[in-house]
Asks: 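So that we are looking at the same thing, I have put the structure below in structure tokens.
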Amino acid sequence: MASAYGEMERKWQKRWSDRGLNLSDRDESKPKFMLIFAYPGVTGYLHVGHMRGFSYVDAIGRYKRMTGYNVMFPVGTHATGNGSISLAEKIRRRDPGTIDYLLRNGCPEEKVADLTEPMDVVRFFNDVYVNEYWKRFGFLADWRRFTCTLFPDYARFIQWQFRKLHDRGLLIQKPYFAPACPSCGPVAVDASETDISKGGSAETQEYTLLKFRHGDEFLVAATLRPETVYGQVCFWVNPDVEYVRVRVGGETWVVSPQAAEKLSHQKEGVETVGTVPGRELIGWMCTAPMIHRDIPVFPARFCDPDVGTGLVTSVPSDAPDDWISLEALKSDTAMAEEYGLSRELIDSVVPIPIIDMEGYGRFPAKDIIDRMGITAPGDPKLVEAKKQVYKDGYHMGRMNAVCGEYAGLKVDIAKDRMKQAMLDAGEADVFYDLTEEVVCRCGKRVFIRRIDDQWFINYADKDLTERTAEHCRTMGIMPSEYYNNVQGVLSWFRERACVRLGNWLGTEFPFDGKWIIEAISDSTLYPIYYCISLYANDGRIRPEQMTESFFDHVILGKGDRSAVSEETGIPEDLLGRIADDIRYWYPLDLNLGGKEHMTVHFPAFLKNHVAILPQEMWPRGIMVNWYVTGKKNKATGKGDKISKSKGGAQPIPGAADTYGVDALRLYYAHVASPFADVEWDEDNVLSYRQRLDRIQAFVGELDAFAEDTEPTGIDRWLVSRFNGHIKTIREAMDRFDLRMMASTAYFEMFNDLKWYTRRGGRCRSALREAYRRWFMAMMPVTPHTAEELWETEGFEGLASESLLAEYDPELDCPEAEYGEDLIRYVMSDAAQIVKVTGIAPKRIILYTAPAWKRKVVSNAADLLGQGKLDIPGLTKACMADPELRSRGKAVSDLCRKVAGDHMRSTEENVRPIAETDEFALLSSAAGFIGDDLSTKVEVLDSDSEGLYDPAGKSKAAVPGRPAILIE
RNA sequence: GCGGGGGUAGCCGAGUCGGCCAAAGGCGCGGGACUUAAGAUCCCGUACUUAGUGUUCCGUGGGUUCGAAUCCCUCCCUCCGCACCA
């Protein structure tokens, strides 16, 4: 059964490929549409969640194709970085987890042994992505244009891009502090832990180093709260730590050995010149920065030599650790004696309140300690206490009167100013550290290292930002929340380090070969390269021919063609052809990417286009898609990664075999708005599979009893409905609203056909018209199924190659649609009465409204046509009619009701209510309605002579709402 | 903290420039048809109430309005981003 889908799918994929439907070549006679999904990083196997966005792109491309566009849908992969290096490395040393992972995902065992070189890994996965994912899903992508960021020709393009950025003055150099491994160079510290083996959640923190003078040397403390210096009363040293003396810029600093090593990566000429036991420092007096008071050095074991400098300035008023440690020291006479500290000295140290904030007293640290019930140093709750009091102080606090010129300032402002003042005075320095231990893949500890000549792309450039922001207002950006938000993102986007050192795969930086262009910076302008990759891939141009003047010429239209041809050896007509291609295909009409791209890729993508290309080549559209997540974790309430145990992690080809790719594609398109995460749920996928199966089976059943009859009312209804659906679908797809489109094609249209058959419809020609529209409507999302149906029903050619029917106002038949609505309405009402009363009906009588009531509704429609329906107006109009006037109050009552009901309706909607011959309609449907309700139905005209009306129901009859008597 | 998104019936999810909204659609569930039976499929129903009605209702509490899921304010809860990670 599994392979049945696969066989059918491959059959159609071959047909499409044989017809070259996926190929995109310039055709000036057609409008073009170019779209991509942001190419995925080559990080290993993908899971079913990744196919969501990819499938959207194929569906949109297919829709565009069937509405007359020449579509280019190219694909590629992003392999820059060290992912494949570390994967190859793990395979080389036969890491069991990695091997198991490969085999589990269907990597042939004999292949595993070959994947020991990074580029082999990249090539392997490029092949997997293209063949096992994208082709398997039936994408009509132009495979000839495939490119990868590690291809030599791609590198030439990236180098050109950087030359242009340089020309525009957007490349700048300045010092930078980055996590780096001493032997592997810079590493990425993030949750994915691509580069590292430990510490993915670590953050880089900026500390202020405070220098406390003691004689001709300095005790150096690191703090995150430089604004609290006015509250310093003593200084903590861990008596058990052997500190070191280091020479830094002509000064001698005392810090922990770990800190000395970290400093050596961030400062020039850091040299260890001796050691000093912490115990020895205790009892010293040192001069605090900013306040220039002498404060004593006390022992405290909470000083971790691996955090900051291992030395801590003590601000008991605002630091819970400091408060509790000082309390402990004051009450511990044994400790004082051990370190030879006099009672007077200890007692002389008194906390100084420095920050006022709501919800706290003079000493916030004490308050939080009391509140949390902390009684001794070393309590694990101190971590939380510290966080809370820091946070509150930073956002709500104000410096009080003791803080000199900073008194009255808000803490967040005072912090920057005081830090700057101390830096200017040489009393402080800056220092970067990671919040937790980070270990490189190679096993070495990662430190923050200063890089002096780091290159940045200056995305903060004001002119660039403004022009980009302005352009974004003209773009189609979805969802609309992002359309608005992108403005903020663009101005928030700052200089970005664009090159890195170390063992990385990527393009060599054109201005200094020691640098490799990093992963984000080489994936911003690339869509335009798909216009060129075609010619690089088929060998017509070689990488070395892709010079600066080549790109300048074909992309920017610069230079003399014959001169460029001369220089590059590329024939003039080929240069012309490439230039024409670019002019034809660009700009990019749609770039679709996951939500992770909103703050990084998309702004960079936009700004690079604006910076380098002329305005007419700037992108036209962006669409963001959300994720398919694993089942919600009950404990955390969060969606976990799709995991193997839940089924979602099964390899993509496996899922395709099980459900068929069309079921998956339909699932992605319909299960939720693209702008919301969905939980992966196999039952959902299965229900879409069943729906497709049902649709196919249903078409077969219809064929069995279709007849060559003349079209009747119900046929007009079907044609009208499907014509309307085409309109809905076209409008939806013009907004890329796949969900609305799928809702219409797989639910509405299907339900209509079911209703059609229930009502006795069986006209072959009407069905054929409906089919043509229906199968085309299914083509973008479930192309294989659509083709299958298309062929079965004997339509010409391929559905994927055909044009979608136009919406034709001539085919609209509001009367027919209203008539069916009325029948359904009557059935539902009658059924409800039966249910409510609980009587088993022997007979149901429907009374249609008398002619005079129709006249009232007709008058209402007239008034709506004139755009002014209201109760007095309608009453007046009706009273002008002598026949109506003669009915007096009954008419005015009805006018009130009718006007009230339809005041906000339209003439087109109300007109059929007045004009439908309810008696004829319901009489013809009486048998059908009766069958449905398992009883006999009679229709009586309220106007008829000698009307049978024992319950007096007929007077309740109103146009659009026949009275019902159940006996 | 800053910035952004949300809280709708058993569940998922439409709807949000105020009114035909008791609130689409799907799933689930209940009933019926079909069937030897199960499954699938097809109909109908699925807040409470009721001869087709009425009542309550769209996180909480207020407000504006003839009228609010939709507008304003309070509060609670929740998710996402805050960077060199694509």
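Heavy-atom basis, side chains included; hydrogens, waters and symmetry copies ignored. Convention: sequence-line order gives letters A, B, ...; per-chain numbering from 1.
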Asks: Check ring pair (Phe, Tyr, Trp, His ring centres under 6.0 Å) between Y482(A) and all other residues, then give those that pass, not counting sequence neighbours.
Replies: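 Listed in chain order: nothing, the list is empty.
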Asks: Considering every strand shown, what is the Watson-Crick or G-U wobble mate of G3(B) when both distances are under 3.5 Å?
Replies: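 Answer to the pairing question: C80(B), which forms a Watson-Crick or G-U pair with G3(B).
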Asks: Atom pairs under 3.5 Å, N or O on each side, protein against nucleotides 54-56 of chain B: can you list them with distances?
Replies:
none

Asks: How far, in whole Å, is U41(B) from G52(B) if one measures between their C1' atoms?
Replies: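 It works out to 31 Å between them.
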Asks: What is the distance, rounded to the nearest whole Å, between atom OH of Y482(A) and atom C1' of C80(B)?
Replies: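 Checked: the OH to C1' distance equals 13 Å.
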Asks: Between A38(B) and G19(B), how far is it from one C1' atom to the other, in whole Å?
Replies: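 Rounded to whole Å, the distance is 50 Å.
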Asks: Please list all pairs passing the side-chain hydrogen bond (donor to acceptor under 3.5 Å, both in side chains) test where one or both residues lie in residues 483-494 of chain A, with sequence neighbours left out.
Replies: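 Output for this query lists R473(A)-Q487(A).
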Asks: Over 60° means perpendicular and under 30° means parallel, so tell me whether Y526(A) and Y154(A) are parallel, tilted or perpendicular.
Replies: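 Tilted, since the angle between the ring planes falls between 30° and 60°.
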Asks: Who pairs with D416(A) by salt bridge (charged side-chain N to carboxylate O under 4.0 Å, His left out), at least two apart in sequence or on another chain?
Replies: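 Testing D416(A) for salt bridge (charged side-chain N to carboxylate O under 4.0 Å, His left out), a comparison that skips the adjacent residues, returns none.
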Asks: Using the C1' atoms only, state how far G18(B) lies from G63(B), rounded to an integer number of Å.
Replies: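 Between the two C1' atoms, the distance is 15 Å.
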Asks: Which residue pairs pass the salt bridge (Lys or Arg N to Asp or Glu O under 4.0 Å) test when at least one of the two sits in residues 824-835 of chain A, sequence neighbours left out?
Replies: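 Sorted pair list: D829(A)-R961(A).
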Asks: Using a cut-off of less than 4.0 Å, is there contact between a side-chain N or O of R496(A) and OP1 or OP2 of A86(B)?
Replies: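 R496(A) to A86(B) OP1/OP2: no side-chain N or O under 4.0 Å.
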Asks: Taking the side chain of T599(A) as its heavy atoms from C-beta onward, which of G81(B), G25(B), A86(B) lies nearest to it?
Replies: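 When the side chain of T599(A) is considered, G81(B) is the closest of G81(B), G25(B), A86(B).
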Asks: Nearest-nucleotide wise, let me know which of H78(A) and P962(A) is further upstream toward the 5' end of RNA chain B.
Replies: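 Nearest-nucleotide comparison on RNA chain B picks P962(A).
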Asks: Tell me whether the NZ or CZ atom of K754(A) lies within the 45° cone about the ring axis of F750(A) and under 6.0 Å from its centre.
Replies: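 Yes, K754(A) and F750(A) form such a contact.
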Asks: Less than 6.0 angstrom from the centroid, inside 45 degrees of the normal: does R759(A) satisfy that with respect to the ring of F928(A)?
Replies: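 Because its charged atom sits under 6.0 Å from the ring centre and within 45° of the axis, R759(A) does stack over F928(A).
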Asks: How would you list, by chain and number, every residue that makes a side-chain hydrogen bond (donor to acceptor under 3.5 Å, both in side chains) with K595(A), sequence neighbours excluded?
Replies: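 Scan of K595(A) (side-chain hydrogen bond (donor to acceptor under 3.5 Å, both in side chains), adjacent residues dropped) gives D677(A).
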Asks: Remember a base hit wins even if backbone is also touched, and classify P179(A) as base, sugar-phosphate or nothing at under 4.0 Å, heavy atoms.
Replies: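 The answer is nothing, as P179(A) stays clear of every strand by at least 4.0 Å.
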Asks: Does Y176(A) or K595(A) map to a spot on RNA chain B nearer the 5' end, using the closest nucleotide for each?
Replies: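 Nearest nucleotide further toward 5': that of K595(A).
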Asks: Would you indicate what S743(A) reaches in the nucleic acid, counting non-hydrogen atoms under 4.0 angstrom: base, sugar-phosphate, or nothing?
Replies: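 No contact.
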Asks: Name every residue in residues 516-526 of chain A that has at least one heavy atom under 4.0 Å from any atom of RNA chain B, in order of residue number, or write none if there are no such residues.
Replies: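 Here the set is E518(A), A519(A), I520(A).
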Asks: So A178(A), base contact, sugar-phosphate only, or nothing? Heavy-atom distance under 4.0 Å.
Replies: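 A178(A): no heavy atom of the nucleic acid under 4.0 Å.
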Asks: Taking CZ from R225(A) and P from G1(B), how many angstroms apart are they, rounded to a whole number?
Replies: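 Rounded to whole Å, this separation is 16 Å.
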Asks: With sequence neighbours excluded, tell me which residues meet salt bridge (charged side-chain N to carboxylate O under 4.0 Å, His left out) with R762(A).
Replies: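 If we apply the salt bridge (charged side-chain N to carboxylate O under 4.0 Å, His left out) test to R762(A), skipping adjacent residues, the hits are E707(A).
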Asks: Could you please name the partner base of C27(B), counting Watson-Crick and G-U wobble pairs only when both distances are under 3.5 Å?
Replies: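 Check on C27(B): paired to G10(B), both distances under 3.5 Å.
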Asks: Name the closest nucleotide to the V836(A) side chain, picking from C85(B), A51(B), G52(B).
Replies: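 In terms of side-chain proximity for V836(A), the closest of C85(B), A51(B), G52(B) is A51(B).
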Asks: Classify R961(A) by what it touches in the nucleic acid, base, sugar-phosphate, or nothing, heavy-atom distance under 4.0 Å.
Replies: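 Touches a base.
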Asks: If the condition is side-chain contact (heavy atoms from CB on, under 4.5 Å), which residues does A663(A) pass it with, not counting sequence neighbours?
Replies: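 In terms of side-chain contact (heavy atoms from CB on, under 4.5 Å), with neighbours along the sequence ignored, A663(A) is linked to Y659(A), R689(A), L692(A).
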Asks: Provide the distance between the two P atoms, one in C43(B) and one in G54(B), to the nearest whole Å.
Replies: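 Taking atom P in both C43(B) and G54(B), they lie 30 Å apart.
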Asks: Rounded off to whole Å, could you give me the CG-to-P distance for the L150(A) and A86(B) pair?
Replies: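 Taking CG of L150(A) and P of A86(B), I get 12 Å after rounding.
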Asks: When the side chains of residues 694-702 of chain A are checked against the rest of the protein, which donor-acceptor pairs come out under 3.5 Å, sequence neighbours left out?
Replies:
none

Asks: Hunt down the Watson-Crick or G-U wobble partner of C71(B), both distances under 3.5 Å, from any strand shown, or write none.
Replies: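 For C71(B), the partner nucleotide comes out as G63(B), under the 3.5 Å rule.
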Asks: Can you tell me the distance, in whole Å, between the CE atom of M740(A) and the P atom of G13(B)?
Replies: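 Going from M740(A) (CE) to G13(B) (P), I get 17 Å.
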Asks: Taking H78(A) for its side chain and T149(A) for its backbone only, find out whether a donor-acceptor pair lies under 3.5 Å.
Replies: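 Between the backbone of T149(A) and the side chain of H78(A) there is no qualifying donor-acceptor contact (under 3.5 Å).
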Asks: Report all interatomic pairs (protein N or O, nucleotide N or O of nucleotides 38-47 of chain B) with separations under 3.5 Å.
Replies:
{"residue": "U41(B)", "atom": "OP1", "partner": "R694(A)", "partner atom": "NE", "Å": "3.1"}
{"residue": "U41(B)", "atom": "OP1", "partner": "R694(A)", "partner atom": "NH2", "Å": "2.7"}
{"residue": "C42(B)", "atom": "OP1", "partner": "R694(A)", "partner atom": "NH1", "Å": "3.3"}
{"residue": "C42(B)", "atom": "OP1", "partner": "K754(A)", "partner atom": "NZ", "Å": "3.1"}
{"residue": "C42(B)", "atom": "OP2", "partner": "R694(A)", "partner atom": "NH1", "Å": "3.2"}
{"residue": "C43(B)", "atom": "O3'", "partner": "R758(A)", "partner atom": "NH1", "Å": "3.4"}

Asks: Between C80(B) and G10(B), how far is it from one P atom to the other, in whole Å?
Replies: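 Straight-line distance between the two P atoms is 26 Å.
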Asks: Are the side chain of R665(A) and the backbone N or O of V781(A) linked by a donor-acceptor pair below 3.5 Å?
Replies: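 At least one qualifying donor-acceptor pair exists.
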Asks: For U16(B) versus C11(B), give the span between their P atoms, rounded off to a whole number of Å.
Replies: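 It works out to 23 Å between them.
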Asks: Going by ring centres under 5.5 Å and near-parallel planes (under 30°), is W492(A) stacked on A83(B)?
Replies: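 Stacked: centres under 5.5 Å apart, planes under 30°.
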Asks: What nucleic acid atoms does F675(A) come within less than 4.0 Å of, heavy atoms only: base, sugar-phosphate, or nothing?
Replies: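 The residue F675(A) makes no contact with any strand.
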Asks: Using atom CG of L933(A) as one end and atom P of G52(B) as the other, report the distance to the nearest whole Å.
Replies: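 Rounded to the whole Å, the gap is 17 Å.
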Asks: Quick check against the 3.5 Å criterion: does K415(A) have a side-chain atom that pairs as donor or acceptor with the backbone of L224(A)?
Replies: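 Checking the backbone N and O of L224(A) against the side chain of K415(A), a donor-acceptor pair under 3.5 Å is found.
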Asks: Using whole Å, what does the distance between atom P of nucleotide C27(B) and atom NE2 of H670(A) come to?
Replies: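 Rounded to the whole Å, the gap is 10 Å.
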Asks: Residues in ring pair (Phe, Tyr, Trp, His ring centres under 6.0 Å) with H597(A), at least two apart?
Replies: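 So H597(A) forms a ring pair (Phe, Tyr, Trp, His ring centres under 6.0 Å) with H601(A), F602(A).
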Asks: Expressed as a whole number of angstroms, how long is the span from D416(A):CG to G1(B):P?
Replies: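 Distance, rounded to whole Å: 19 Å.
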Asks: Expressed as a whole number of Å, how far does the P atom of A69(B) sit from that of C58(B)?
Replies: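 The same atom, P, in both gives a distance of 7 Å.
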Asks: Determine the contact category for H601(A): base if any of its heavy atoms lies under 4.0 Å from a base atom, sugar-phosphate if only primed atoms, P, OP1 or OP2 are that close, otherwise nothing.
Replies: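 Counting heavy atoms under 4.0 Å across all strands, no contact is made by H601(A).
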Asks: For S934(A), report the nucleic acid contact type (base, sugar-phosphate, nothing); a contact means any heavy atom under 4.0 Å.
Replies: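 S934(A): no heavy atom of the nucleic acid under 4.0 Å.
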Asks: Whole-Å distance between C12(B) P and R739(A) CZ?
Replies: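 It works out to 13 Å between those atoms.
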Asks: When you compare G15(B) with G30(B), how far apart are their P atoms, in angstrom units rounded to a whole number?
Replies: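 Going atom to atom, P in each nucleotide, I get 31 Å.
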Asks: Just name whichever nucleotide pairs with U50(B), Watson-Crick or G-U, keeping both distances under 3.5 Å, else none.
Replies: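 Pair assignment: U50(B) / none.
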Asks: Does any nucleotide pair with A37(B) by Watson-Crick or G-U wobble geometry, both distances under 3.5 Å, and what is it?
Replies: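 Its partner: none found.
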